[in-house]
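In this chain, residues are counted from 1 in sequence order.
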Amino acid sequence: MAEWLDEALFYEVYPQSFCDSNADGIGDFKGLMGKLDYILSLGCNAIWMNPCFDSPFIDAGYDIRDYYRVAARYGTNEDLKELFKAVHEKGMHMILDLVPGHTSDECEWFKQSKKHERNKYTDRYVWSDDIWEGFESVSGVTGAIRGGTERPGTCATNFFNCQPALNYGFARKDPDKKWQQGVDEDGPRATVKEIEKVMDFWLSMGCDGFRVDMAHSLVKNDDGHLATIKLWQEMSGYLKERHPDAVMVSEWGEPEKALKAGFDMDFLLHFGPSHYLELFREDKPYFSAKGEGDISEFFELYVRNLKLTKDQGGLICIPSGNHDMRRMAKYLTDDEIKIAFMFLLTMPGVPFIYYGDELGMRYVEGLSSVEGGYERTGSRSPMAFDATANAGFSSAPEECLYIRQDESKSYINVETEEADPDSILNNVKELIGFRREHPALSNRADFSLVYCKKNEYPVVYGRSCDDEALLLIFNPAGRNEKLSDEVKELIKDKTVIFSMGDELSADTVPGKSAHVIMIK
C-alpha cells in the first residue's frame, strides 16, 4: 500500500472542461498545469484526471484508439510528462483513468482483429464464429458489432456499440460455442500482458497510479466476478512488484470484491448496491432540509464494507460526485451542500471532490449530448474561475467551447467565492483544514456508528485514533430533533469544537446543523 494514500485528498479533473490554455475551447494539460496552485489551495494534494489518451471521442475518451499516445487536443506525451513533474514538485500525486475492458473501434488492434487471416490481434477481442451469432446468453456483454468485417463473426461490446470488448476469456464456457475462450488461453493472456505493459509505460513516465474504469467488466460469464477478482489480483500484484507506490482505484462499487481483487480503494457509486444516491441525490436525499431521507441502509452496508478495509488494508472513497452523475447542486441548496461536505470530509477513506462541486456549480439543464454524455453532459460544463468571458475557462469564442458554460448562476466562480467568507468554496477549504488538523479524522482513523435509525434524524458517528476521539452529529433536516440518551451521556460536559448551524443543546440538535464534539 502506498503510504501517500494515508494523507491523500483527491480532486477529479475532467480535462476537456477544466482550463483551456490555447483558446481552442477545450481544456488541456497546460491549462491544468496553470491551475495546480488553485487545487493545492483547496487542501487537495492528489488529482484524478479522466481519460486523456488518443480517441475519436465518441464516449468522451473512454473509447481509446491508442493507449500509448495522448489526445492531441490536450497536448503531447512530453506535455503530460511535464505535468507529472509539475504535480510532483508541488508535493502532489496524479492518477490517470485506465480503460481496460474495451477500446475504440478505431483502435489498430481492432482493425487487425477484423481481418480474416489470423494475426496477433485475432483473439484480442471477444468474437463469435458466425456473423448471425450474438451474445444474448452471455453475461457482461452490452451489445454487438455485426458486419463490415472480413472475418465471419460478431464482436461483443462492453458499453456503446463503438467499444468492442477486449478478450479476457470466459469463466463459464458453453461447450457448444468453441469461440468462448478460457481465461488461461493464449488470447486472453495476451490481453492481460498488453494492459500490464500500458500501465508500466505511464507509471514509468511519472504517473502515480490509475482509476480503473468498469473494473468488474473483464471476464465474461463470470458469476460473482470470481475470475475477474483473480485476474486483478495478478495484475495488481505485477504492478506493485514493479511500482510499489503506485495506486489502483476501482470503479466497481462493491468494496468487498474490489479490495479482495487487490485494489487500494473502491468508489461508492451511483450504481450497484451502495445506496450512495440516497445521500445527496434522488427524490429524497438525506442531506436535504426536507428531512424525508433515510441513511440507515447506506450505513448498514458501509459498516460491513468498512471492516473489510481494515482486514484487507484498503480504503473506501465517497466522492462528492463525478462526470457520470448529475451534480449535487441539482438536488441540494447551498446550505445543504455545506453540511453534505462536512459529512464527506469527516468520514473515513479518501475524499474525492469533483471539479466545481467545491463552488456549488450547477447541473446545466437542456444541453445537447456532447461526446456521448447524454444526460451526463450537464455535469461536464466548463470550470468557472472568474467573471471574465467564458468564466475564465477559455478565451475562445463562446460558440467554440467544448460544452456551453452555465449562464444561470454567473456569480458561481472561484474569484467571487474566494471573496465571500460564507461561500461553499471557503467552507470546503475550512473543512479540509479542520480534517488535516485532527488525527481522528484522517483517512485510516477508526469509525463507529453511534446512532442511526431508519427514516430518522440525526445520525451520529465517532472517529478516533490513539490520541483523539471525536463525536459527529448531523441533523440536515429543517427541524429540531431530540438526542438519544446514549448520545446525551457521551456529550455531557464535552466541548463542541466545530459547528454549522445553530448551537447544540444538552438534549436537542437544531435543524440544518452539524457538530463535532471532542470526546478525548
Side-chain angles (χ1 to χ4, degrees), residues 2 10-36 39 46-112 120-121 124 163 166 191-213 235 238-239 242-249 323 355 371 394 402:
F10 274 86
Y11 191 81
E12 179 188 351
V13 169
Y14 195 69
Q16 52 267 64
S17 292
F18 192 63
C19 187
D20 170 23
S21 71
N22 61 0
D24 65 355
I26 300 176
D28 47 52
F29 297 147
K30 290 183 178 179
L32 171 55
M33 194 181 303
K35 297 298 183 181
L36 293 180
I39 295 171
I47 296 169
W48 158 30
M49 184 167 64
N50 292 118
C52 60
F53 305 119
D54 177 48
S55 168
F57 291 99
I58 305 301
D59 186 23
Y62 284 94
D63 48 330
I64 294 176
R65 185 163 46 202
D66 186 343
Y67 284 93
Y68 297 97
R69 189 181 304 277
V70 302
R73 70 188 195 180
Y74 300 133
T76 64
N77 283 20
E78 190 61 31
D79 290 332
L80 182 53
K81 187 176 180 180
E82 286 299 309
L83 176 57
F84 291 145
K85 181 181 177 182
V87 165
H88 295 154
E89 286 175 349
K90 292 185 180 296
M92 304 168 75
H93 292 85
M94 186 171 185
I95 64 174
L96 298 181
D97 219 320
L98 179 70
V99 186
H102 53 264
T103 70
S104 163
D105 59 3
E106 294 185 17
C107 179
E108 186 61 28
W109 303 349
F110 188 63
K111 291 177 181 179
Q112 295 299 319
K120 65 181 290 188
Y121 299 106
R124 181 57 53 87
Q163 293 166 315
L166 287 166
T191 305
V192 170
K193 294 306 177 185
E194 190 64 44
I195 295 302
E196 289 179 344
K197 182 181 173 184
V198 169
M199 293 191 291
D200 213 5
F201 180 84
W202 291 109
L203 289 168
S204 298
M205 193 83 75
C207 169
D208 293 303
F210 302 94
R211 174 269 191 185
V212 179
D213 180 67
M235 289 195 285
Y238 167 87
L239 198 68
R242 296 175 64 86
H243 305 276
D245 289 331
V247 164
M248 295 285 281
V249 188
H323 57 288
Y355 84 95
E371 295 184 351
S394 171
Y402 169 72

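In this structure, the side chains of Ser394 and Tyr402 stay at 4.5 Å or more apart for every pair of heavy atoms. The shortest distance between side-chain heavy atoms of Pro15 and Asn50 falls below 4.5 Å. At least one side-chain heavy atom of Arg65 sits less than 4.5 Å from a side-chain heavy atom of Pro56. Side chains of Asp79 and Leu83 form no contact here, defined as non-hydrogen atoms less than 4.5 Å apart. Annotation: side chain of Glu108 is not in contact with side chain of Phe110 (no heavy-atom distance under 4.5 Å). Residues Val212 and Asp97 are not in side-chain contact: their nearest non-hydrogen atoms beyond the backbone lie 4.5 Å or more apart. Counting heavy atoms from C-beta on, the side chains of Leu96 and Leu98 never come closer than 4.5 Å. Inter-residue side-chain proximity for Val192 and Met235 is flagged as met; some heavy-atom pair is nearer than 4.5 Å.
To the nearest 0.5 Å, atom OH of residue Tyr355 and atom SG of residue Cys19 are 12.0 Å apart. Note that CD of Glu78 is 7.5 Å distant from CE of Met205, once rounded to the nearest 0.5 Å. The distance from the CG atom of Leu80 to the CE atom of Met49 is 5.0 Å, given to the nearest 0.5 Å. Expressed to the nearest 0.5 Å, how far CG of Leu36 lies from NZ of Lys90 amounts to 6.0 Å. Once rounded to the nearest 0.5 Å, the distance linking CG of Asp66 with CD of Glu106 reads 12.0 Å. The OG atom of Ser204 lies 10.0 Å from the NZ atom of Lys81; values are rounded to the nearest 0.5 Å.
Checked by atom type, the side-chain pair Gln163/Asp105 shows no donor-acceptor distance below 3.5 Å. For the 3.5 Å distance criterion, the side chains of Ser104 and Asp63 fail to qualify, holding no donor opposite an acceptor. Counting only N and O atoms by type, the side chains of Tyr238 and Asp200 include a donor and acceptor under 3.5 Å apart.
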Glu371 and Arg73: CA distance, side-chain angles, deciding distance, salt bridge (Lys or Arg N to Asp or Glu O under 4.0 Å) verdict: CA-CA 14 Å; Glu371 295 184 351; Arg73 70 188 195 180; 2.8 Å; yes
Leu239 and Glu196: CA distance, side-chain angles, deciding distance, side-chain contact (heavy atoms from CB on, under 4.5 Å) verdict: CA-CA 7 Å; Leu239 198 68; Glu196 289 179 344; over 6 Å; no
Step-by-step salt bridge (Lys or Arg N to Asp or Glu O under 4.0 Å) determination, Asp54 to Arg69: CA-CA 6 Å; Asp54 177 48; Arg69 189 181 304 277; over 6 Å; no
Full working for side-chain contact (heavy atoms from CB on, under 4.5 Å) between Tyr68 and Val198: CA-CA 7 Å; Tyr68 297 97; Val198 169; 3.4 Å; yes
Worked check of side-chain contact (heavy atoms from CB on, under 4.5 Å) between Ile95 and Phe10: CA-CA 10 Å; Ile95 64 174; Phe10 274 86; 3.7 Å; yes
Residues Asp208, His88; criterion side chain to side chain donor-acceptor pair (under 3.5 Å); working and verdict: CA-CA 10 Å; Asp208 293 303; His88 295 154; 2.8 Å; yes
side-chain contact (heavy atoms from CB on, under 4.5 Å) between Glu82 and Met33, worked out: CA-CA 9 Å; Glu82 286 299 309; Met33 194 181 303; 4.2 Å; yes
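Ring planes of Tyr74 and Phe29: tilted class, angle from 30 to 60°. Between His323 and Tyr62, the ring planes lie parallel to each other; the angle is under 30°, not in the 30° to 60° tilted range. The aromatic rings of Tyr121 and Trp109 sit parallel to each other, their planes meeting at less than 30°, with 60° as the upper class boundary.
In this structure a side-chain-to-backbone donor-acceptor pair under 3.5 Å is present from Asp20 to Asn22. Side chain of Asn77 to backbone of Val70: a donor-acceptor contact under 3.5 angstrom is found.
With respect to Asp213 and Arg211, a salt bridge is recorded, a charged nitrogen being found less than 4.0 Å from a carboxylate O.
Gly61 approaches Pro51 most closely through the heavy-atom pair O-CB, 3.3 Å. When all heavy atoms of Ala2 and Asp245 are compared, the closest pair comes out as CB-O, 3.3 Å.
For Phe84 and Trp202, the ring centers sit 6.0 Å or farther from each other.
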